[in-house]
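To keep things clear, I will list the structure first and then write my remarks on it.
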Amino acid sequence: MRLTMALAAALLCLGIAAPSAAANSSVSHILMRTVQRPEVAGAPALVFAAALEPQPAEREGWGEVLLRVARGGFNAVYVSVPWNVGKEGSLAVADLDAFLAKVAETGLKAIIGPPIDDPFGLWREWLAPIQPVLEKHAETILWLQARADSPQGGAAELSKAAQALKCALPVAEGVTTQVTSERDPQRPYREPEVSVALRVALAEGATALVWDQPFAGTAPPLISIDDVPPAVVHHGRGGALPIAYYEAHLFSQVARCLGDPLAKAQPAEGAAADAAGISVTQRNLGRQGFLFVRAPAEPVQRFHLSYTDPESGEKMTVPRTQGLSLRSFGAGVRILPLNLPVPGATIRYSTCEVYGVYQVGERTVILVTDDDGGLNEIALKLEGAEKPAIRNAPIEPVWDAASRTLTVSVVPSFAESFMVIGEKLVLGVVPTERAQRTWSVRYGDGTVPMITSAYLVGQDATLEGKIGLPVFLQQGRSAVSMVLPKEPRYLAVDSRGAKTAFDATTGVLSFFLQSPVLLGVETKTPIVQVLDRARHKAGLAAETAENAQPDLDDSKWPEVRLDKAKTAGWYRIGFSVPALENWILHWKATVEVTGKAVVYLNGEPIGTAASTDEKGGFVDLDLPSSLIRSKNTLAFAVDANSRVRKVGISPHVEDTVQRQLLIFFP
């Protein structure tokens with residue numbers, strides 16, 4: 001049975017019809033871009049920040065959220081501080097203090113500003129209560145940030161408020177862009193508008209990017225599935241990470257690999273393409289350069305790029321191999337390096353993105369990526385004067401002895417491939433879907449790439465000479481490739497030996513990780529439950545909101561069958577969730593409702609279930625992880641002429657993640 005259908009089928013068997021997700025769900029993001037001021041000390045050349053608003057109720061989960069930010073390639077957090085900070089019902093100053101301490105502990109920098117989507121407020125009243133905390137965390141904070149279109153004035157007015165309060169932090173101004181993203185129907189692992197927006201911002205000279213809602217977007221296809229599940233919008237609940245997160249992760253890998261010159265390069269003239277719809281711009285810094293190649297939504301079957309080499313001044317047209325041309329598969333932007341130095345070589349040009357350069361033992365590992373089936377060409381200027389031995393090349397490379405340049409043709413396929421050039425270079429060609437989930441992990445004294453379909457790879461730990469690596473998997477089978485300096489003696493997955501294959505030629509260790517289908521896991525409490533009975537009390541007076549409290553004694557309330565109950569009032573249903581070690585689950589209630597009912601979980605309101613259909617309808621309500629206990633109470637305040645007929649409890653399948661621990665014995 002396909003994994004996407006398993007929970008739905010279980011609910012249907014029990015009489016609950018699971019609501020279908022919209023096929024083309026979209027999410028609106030805001031990208032704020034800034035040109036850094038030179039006096040900001042300690043700032044990375046390119047700042048890539050995730051916008052987060054500290055939620056005091058979720059304090060225990062701050063570390064996990066910030067880990068996902070850091071592993072996603074962000075090097076900073078835009079801390080969204082409400083305009084009424086310090087006031088009752090808003091973010092407390094002490095909570096801001098604790099959050100900034102956690103940011104520093106994670107190794108991230110911070111930008112402080114009001115909510116990106118709310119530019120209305122008074123600067124001095126906003127800054128005054130948090131000023132002592134900002135001084136305390138001055139080493140972590142890069143600057144204060146204002147929107148350029150703030151009605152009360154942007155950076156100039158914020159600077160005046162800061163000067164009046166003797167706040168020494170720099171002030172920056174950001175320009176915002178609305179980005180509406182949705183999954184590409186032809187490439188279900190892509191949200192092209194995210195990729196485009198981030199890369200275009202760099203092409204236009206931005207050196208600091210703030211991306212809001214980093215955990216919002218459509219769910220990626222689950223692994224080991226024949227069909228593509230409907231697009232599901234989620235917002236960082238449970239184990240969910242959306243396609244947009246992985247788009248940002250790939251962007252960050254490209255930016256980190258290309259280094260500081262990418263942020264410092266200046267516009268150059270003359271770059272072009274020979275096909276309609278393809279636009280090309282160039283930026284140079286000294287002998288290095290970068291091409292920003294933008295493709296339209298409609299695929300382009302054949303095109304070439306032309307540019308002026310920033311080192312030699314030579315006019316170049318690529319690909320140079322006769323009969324070879326580039327193609328695009330849909331909307332997107334790629335950042336292509338010119339004369340990128342790497343240990344042992346210089347990448348003169350690459351028509352696909354270079355997203356990783358690793359020093360693994362005595363070898364340099366270069367990772368490049370494009371969509372499956374994309375023809376590409378890479379030119380490497382090598383240190384030696386003789387043509388090196390080439391192993392695993394699908395097409396014989398071309399060697400130019402005069403320039404010591406090896407020109408290689410590559411085509412990404414479903415799985416990654418590795419080519420060995422001489423004794424010191426390994427070229428990995430990786431399809432976009434797996435490049436998005438390539439993780440840099442510490443292995444011994446160095447850092448190596450881990451290419452996988454895993455949802456997330458955590459922080460490594462070294463214990464008694466062994467290397468521990470937590471990996472988080474969605475349901476199904478995930479192939480893993482790692483380039484290592486030598487074959488490990490042994491690999492254990494959750495204390496069980498794993499079957500591995502090691503290619504001594506490339507240094508690639510390959511193995512599979514398997515996460516079981518959740519419904520196949522044995523539990524004392526059912527994973528999917530249908531609740532059709534409740535305790536009932538008539539009356540909806542305002543003062544009876546205490547009827548939602550979990551510790552209320554409802555033993556004297558009559559028990560009723562929901563499908564027979566027709567009286568307005570309060571309905572209370574108790575339920576438990578199974579304890580599953582090493583699983584991250586986010587629960588939902590599927591409510592069959594006619595009319596309207598206000599829903600409470602353990603005394604806290606979580607939403608309204610409503611249907612305008614006279615025959616009723618099914619409504620999904622998230623059950624916040626911060627409220628879930630081993631034993632829980634759902635309470636419904638049901639209006640007159642409204643009915644709750646049945647309630648299903650189940651996890652979101654697209655958010656279900658299992659943690660496994662890999663132990664390497666080097």
Side-chain angles (χ1 to χ4, degrees), residues 29-52 69-70 72-80 103 107-113 116 139-150 154-156 158-159 169-179 194-212 214 247-268 271 281-294 310 333-338 340 353-355:
H29 297 270
I30 295 176
L31 174 64
M32 184 186 293
R33 49 189 183 172
T34 305
V35 177
Q36 292 186 46
R37 293 170 55 177
E39 65 268 25
V40 178
L46 175 64
V47 174
F48 188 32
L52 298 176
V69 167
F74 297 92
N75 54 20
V77 175
Y78 177 94
V79 184
S80 184
V103 169
L108 298 166
K109 292 292 186 180
I111 299 169
I112 308 296
I116 293 180
E139 290 188 4
T140 299
I141 299 170
L142 296 173
W143 59 74
L144 307 176
Q145 186 143 320
R147 280 179 54 157
D149 59 352
S150 295
L158 176 54
S159 294
L169 289 171
V171 175
E173 188 166 80
V175 176
T176 58
T177 303
Q178 201 80 23
V179 181
V194 177
S195 167
V196 169
L198 294 172
R199 288 164 174 80
V200 166
L202 292 191
E204 295 177 349
T207 57
L209 306 178
V210 175
W211 183 248
D212 88 318
E247 290 280 17
H249 181 227
L250 178 55
F251 165 78
S252 73
Q253 291 183 86
V254 171
R256 183 173 62 249
C257 174
L258 300 185
D260 292 358
L262 178 62
K264 298 175 181 178
Q266 298 301 310
T281 59
Q282 183 173 345
R283 299 178 74 88
N284 294 340
L285 181 68
R287 61 184 292 271
Q288 282 188 248
F290 307 93
L291 298 180
F292 296 82
V293 182
R294 182 167 184 174
V333 175
R334 48 180 112 173
I335 307 175
L336 308 180
L338 305 175
L340 175 68
E353 287 196 313
V354 179
Y355 79 98

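We number each residue from 1, following the sequence as shown.
The minimum heavy-atom distance linking A271 with L291 is given by the pair CB-CD2, 4.1 Å. When all heavy atoms of N75 and L108 are compared, the pair lying nearest together is C-CD2, 3.7 Å. Across G72 and S252, no two heavy atoms sit closer than the pair O-OG, 3.3 Å. Annotation for I335 and E353: closest pair N-OE2, 2.7 Å, computed over non-hydrogen atoms. Here the closest non-hydrogen pair linking A76 and V47 is CB-CG1, 3.9 Å. In terms of heavy atoms, A206 sits closest to L46 at O-CD1, 4.4 Å.
Residues meeting the side chain to side chain donor-acceptor pair (under 3.5 Å) test with Q253, sequence neighbours left out: none. Listed by chain and number, the residues in a salt bridge (Lys or Arg N to Asp or Glu O under 4.0 Å) with R294 amount to none (sequence neighbours excluded). For R283, there are no salt bridge (Lys or Arg N to Asp or Glu O under 4.0 Å) partners two or more places apart in sequence or in a different chain. Scored by the side chain to side chain donor-acceptor pair (under 3.5 Å) test, D212 finds no partners at all (sequence neighbours excluded). Residues meeting the ring-ring contact (aromatic ring centres under 6.0 Å, His included) test with F251, sequence neighbours left out: F48. Every residue two or more places apart in sequence or in another chain was checked for a side chain to side chain contact (heavy atoms under 4.5 Å, CB included) with E139, and none qualifies. Here T281 pairs with A203, F292 under the side chain to side chain contact (heavy atoms under 4.5 Å, CB included) rule; sequence neighbours left out. Remark: T34 engages Q145 in a side chain to side chain donor-acceptor pair (under 3.5 Å) (not counting sequence neighbours). Y355 meets the side chain to side chain donor-acceptor pair (under 3.5 Å) test with T438; sequence neighbours excluded. In this view, A148 and E173, V175 satisfy the side chain to side chain contact (heavy atoms under 4.5 Å, CB included) rule, not counting sequence neighbours.
Note that the CD1 atom of I112 and the CH2 atom of W143 stand 12.0 Å from one another [nearest 0.5 Å]. The CD1 atom of I30 sits 6.5 Å away from the CD1 atom of I116 when rounded to the nearest 0.5 Å. Expressed to the nearest 0.5 Å, how far CG of L169 lies from CD1 of I111 amounts to 12.0 Å. The CG atom of L209 lies 10.0 Å from the CZ atom of F74; values are rounded to the nearest 0.5 Å. A distance of 9.0 Å separates OG1 of T176 from CG of L31, quoted to the nearest 0.5 Å. Here the straight-line distance linking atom NZ of K109 with atom OG1 of T140 works out to 6.0 Å at 0.5 Å rounding.
Put simply, the side chain of Q36 never gets that close to the backbone of A172: no donor and acceptor are under 3.5 Å apart.
A side-chain hydrogen bond (donor to acceptor under 3.5 Å, both in side chains) check over residues 202-211, counting only residues at least two apart or in different chains, returns the pairs R33-E204.
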Would you tabulate the side-chain donor-acceptor contacts of residues 256-266 under 3.5 Å, counting partners in other chains and residues two or more places apart, or write 'none'?
from: Q266; atom 1: NE2; to: K264; atom 2: O; distance (Å): 3.2

